Structures are given as C-alpha cells and as structure tokens.
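Below: one structure, written as structure tokens.
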Number of protein chains: 2
Amino acid sequence: MTEDPEERQNLALLCFYPARAMEARLYAALAAAGFDDMTPAQGRIAARIGPHGTRLTDLAEQALVTKQTAGHLVDQLERAGYVRRVPDPTDGRARLVQMAERGREVVALARKIEHEVEAEWTAHLGDKTAAQLRAALERLREVTDPYR
Amino acid sequence: MTEDPEERQNLALLCFYPARAMEARLYAALAAAGFDDMTPAQGRIAARIGPHGTRLTDLAEQALVTKQTAGHLVDQLERAGYVRRVPDPTDGRARLVQMAERGREVVALARKIEHEVEAEWTAHLGDKTAAQLRAALERLREVTDPYR
DNA sequence: CCATTTTCGTCAGATCATCTGACCATTGTC
DNA sequence: GACAATGGTCAGATGATCTGACGAAAATGG
C-alpha cells in the first residue's frame with residue numbers, strides 16, 4: 001500500500017498478527033526438527049487430543065470442521081505415526097484418537113517453542129504489560145470463545 | 001475434553017479467539033446482507049486493496065499467498081462484481097486491482113460491523129483495559145508482523 | 001425387550017484454495 | 001540493443017473442506 005500511514009487498525013486484526021506469527025514459528029521449528037510432514041490443518045486437530053484420547057466427533061467440533069474432515073486429517077496423522085485409534089471401552093460405536101509416541105514428541109517440542117516465543121514477547125513488552133495483555137485477552141475470551 | 005480446568009493457555013492462542021470471532025461475525029453479517037458469495041479467502045485478498053487500486057503481486061505478498069492464488073481469487077472477485085482490473089498507467093506489464101461499486105458496499109458494511117463488534121468488546125472490558133489491550137497489541141505487532 | 005431415534009464414524013464425490021513449474025510480455029540496466 | 005528482473009497468466013497437482021448417504025452401535029420409550 002502507498003497510503004494511510006496512521007490508520008487505526010481494528011482490534012481483531014491486531015490480535016491476528018501474534019497468532020499468525022506463533023503458527024509460523026511453530027511450524028518452522030517443527031520442520032527443522034524433522035517433523036516436516038505435519039500440516040497446519042493436522043496440527044489444529046492434533047492440538048485438541050486430550051491426555052486419554054478424544055473422540056473424532058469431539059475433535060471435529062472443537063476444531064470447527066466436519067467430522068469427515070477431522071477423519072481425513074486423523075487418517076493422515078495415523079499414517080504418519082503421530083496418533084493411533086483405539087476402541088472406546090465405554091461405547092462400541094466410538095473410537096478414541098490418542099497420541100502415539102511420535103505425537104508426544106511433537107507436542108513436547110511444540111510446548112517448548114511456544115514458551116520460548118512467549119518469553120521473547122514478554123521481554124519485548126515488559127513483564128507488567130505482558131501480564132496486562134494476558135489478563136485482557138482472558139477476559140475477552142469470555143465473549144469470543146464459544147467453546148470455552 | 002474432560003480435564004485441565006485451570007490450564008494457562010499460550011498467549012498466541014488467546015489472541016486467536018478474538019480474531020476468529022471477528023471473522024465469524026463479519027462473514028455472518030455480510031452473508032445476511034446478501035453478500036453471501038464472498039469466501040474468507042477472497043475477503044483476505046479484497047481487504048488489502050488500496051484506495052487507488054493495488055497490483056496483484058502486492059496483494060499476493062501482503063496476503064502471504066502466491067501470485068497465482070491471488071490471481072485466482074481476484075478472478076472470482078471480478079466475476080462476482082466486487083473488483084475490476086485496469087491497466088496500470090505507469091507500467092505496461094502491470095494491472096491495478098480496484099474496488100468496484102459492489103466491492104465498496106461490502107467494505108463499508110464490513111467496517112461498520114468491525115466497529116460494532118469492537119464496541120461490544122470495549123464494553124465488556126471497560127475503556128481502560130481495552131485501551132491497554134490495544135496498546136500492548138500494537139507493541140507486540142512490532143515483533144510479530146513482518147509486513148508492517 | 002423390541003422399535004425408533006440418536007449418535008459415531010465412514011464412504012463417495014465435489015469444490016475450493018493453494019502450490020510448483022513453465023511461460024510470455026514489458027521494463028529497466030549496462 | 002542484449003539481458004536480467006518484474007508483473008502476470010496458464011497448466012496441472014495436491015490438500016482441506018464441504019454435502020449427502022450410509023452402517024453400526026447405543027439410548028430411549030413403550
């Protein structure tokens with residue numbers, strides 16, 4: 001663009017930049033560590049798998065995609081060795097998607113990167129401002145996250 | 001999920017909720033107003049068209065997609081009457097993508113919705129916290145938006 | 001307990017967004 | 001004027017996503 005030097009950006013757009021930056025950092029780091037076969041879409045599904053496994057339908061709902069899409073992505077994650085499907089002992093129709101060993105490695109690395117990036121941001125903002133930012137975002141979440 | 005009631009979420013995820021919420025609100029409102037043929041991908045391109053028109057290559061760069069993808073989306077926007085392509089008077093190779101009348105209508109409506117949603121958020125947070133949030137996000141943008 | 005309805009997941013097929021690679025036309029440079 | 005750089009398109013492939021239909025198991029309700 002060539003104009004509007006002083007435009008007041010909308011709050012949602014300002015929120016978008018850090019989210020995008022984190023995703024980019026995360027995928028770059030995972031790829032560098034050899035996990036170069038996981039796509040962002042797979043990641044968004046994988047990130048929602050609970051400690052004891054999660055049903056496909058629940059993953060789909062939380063990730064805001066259809067269960068067909070979720071199933072497709074879980075197929076890929078399973079083929080790549082990140083997750084496995086086990087029967088749900090409490091429901092014969094259902095299966096639980098669980099993290100496999102390789103999946104747990106990715107999660108551990110991703111958590112580490114997240115903390116590093118967040119530490120950079122906190123260093124840039126200062127502790128006080130970072131804390132205020134977090135508090136404000138947590139309150140904003142009350143009205144922006146319907147799956148809270 | 002059934003566990004982790006008190007998990008400390010990472011800052012980027014907290015940023016993601018408002019961004020997603022705004023996008024959802026925006027597209028719902030546009031669809032309700034009859035602009036139901038614009039997809040999010042088209043919107044992300046259209047949102048970057050400057051007042052006097054913008055080159056395809058620039059749109060692609062700012063939207064973080066290839067120029068082929070941008071061209072594809074502009075084709076659709078053009079077919080739907082949202083934008084037009086005109087020759088760039090300063091460069092015979094280039095063409096400027098400009099908003100057409102219908103595009104300007106959408107932009108006006110989108111701006112209105114954005115302001116409404118932002119006003120809701122400000123009401124929820126209180127003026128002071130909302131101002132702190134904006135200030136913190138603007139500073140964070142310094143290290144998270146490479147296209148600033 | 002059986003019949004009906006709901007829920008969980010899959011199959012099939014389509015569409016859309018996106019990419020890589022090749023290519024042409026124009027521009028700018030030496 | 002030759003040649004590299006830039007703006008854009010064409011062609012083909014892939015991946016994420018959807019809608020619709022379906023089978024199997026579970027829950028519900030006489």
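Order of the sequence lines fixes the chain letters, A, B, ..., with proteins taken first and strands second; residue numbering starts at 1 for each chain. Values in this document were obtained by computation on a predicted structure and should not be read as measured data.
Looking at which nucleotide of DNA chain D each of B:Asp91 and A:Gln42 is closest to, the 5′-most match is held by B:Asp91. Nearest-nucleotide positions on DNA chain D for B:Arg55 and A:Arg93 put B:Arg55 closer to the 5' end.
Dashed line: the shortest gap from a side-chain N or O of B:Thr66 to OP1 or OP2 of C:dT18 is not under 4.0 Å. For the OP1/OP2 pair of D:dA16 and a distance below 4.0 Å, the side-chain nitrogens and oxygens of A:Thr39 include at least one atom meeting the criterion. At the phosphate of D:dC18, OP1 or OP2 sits under 4.0 Å from a side-chain N or O atom of A:Thr69. Using a 4.0 Å cut-off, no side-chain N or O of A:Arg95 falls inside it from OP1 or OP2 of D:dA25.
With respect to the salt-bridge test (charged N to carboxylate O, under 4.0 angstrom), the residues B:Asp88 and B:Arg93 do not qualify. Looking at B:Arg44 and B:Glu23, a side-chain N of the basic residue comes within less than 4.0 Å of a carboxylate O on the acidic one, giving a salt bridge.
Side-chain atoms of B:Gln68 come within donor-acceptor range of the base of C:dG21, with a qualifying N/O pair under 3.5 Å.
Nucleotide C:dG9 holds its C1' atom 16 Å from the NE2 atom of A:His72, rounded to whole Å. Between the C1' atom of C:dA17 and the CG atom of B:Asp37 lies a distance of 17 Å, rounded to the nearest Å.
A:Arg25 pairs with exactly one of A:Glu114, A:Glu120, A:Glu116 by the salt bridge (charged side-chain N to carboxylate O under 4.0 Å, His left out) rule, that one being A:Glu120.
Side chains of B:Arg48 and B:Gln62: a donor-acceptor N/O pair is absent below 3.5 angstrom, by distance only.
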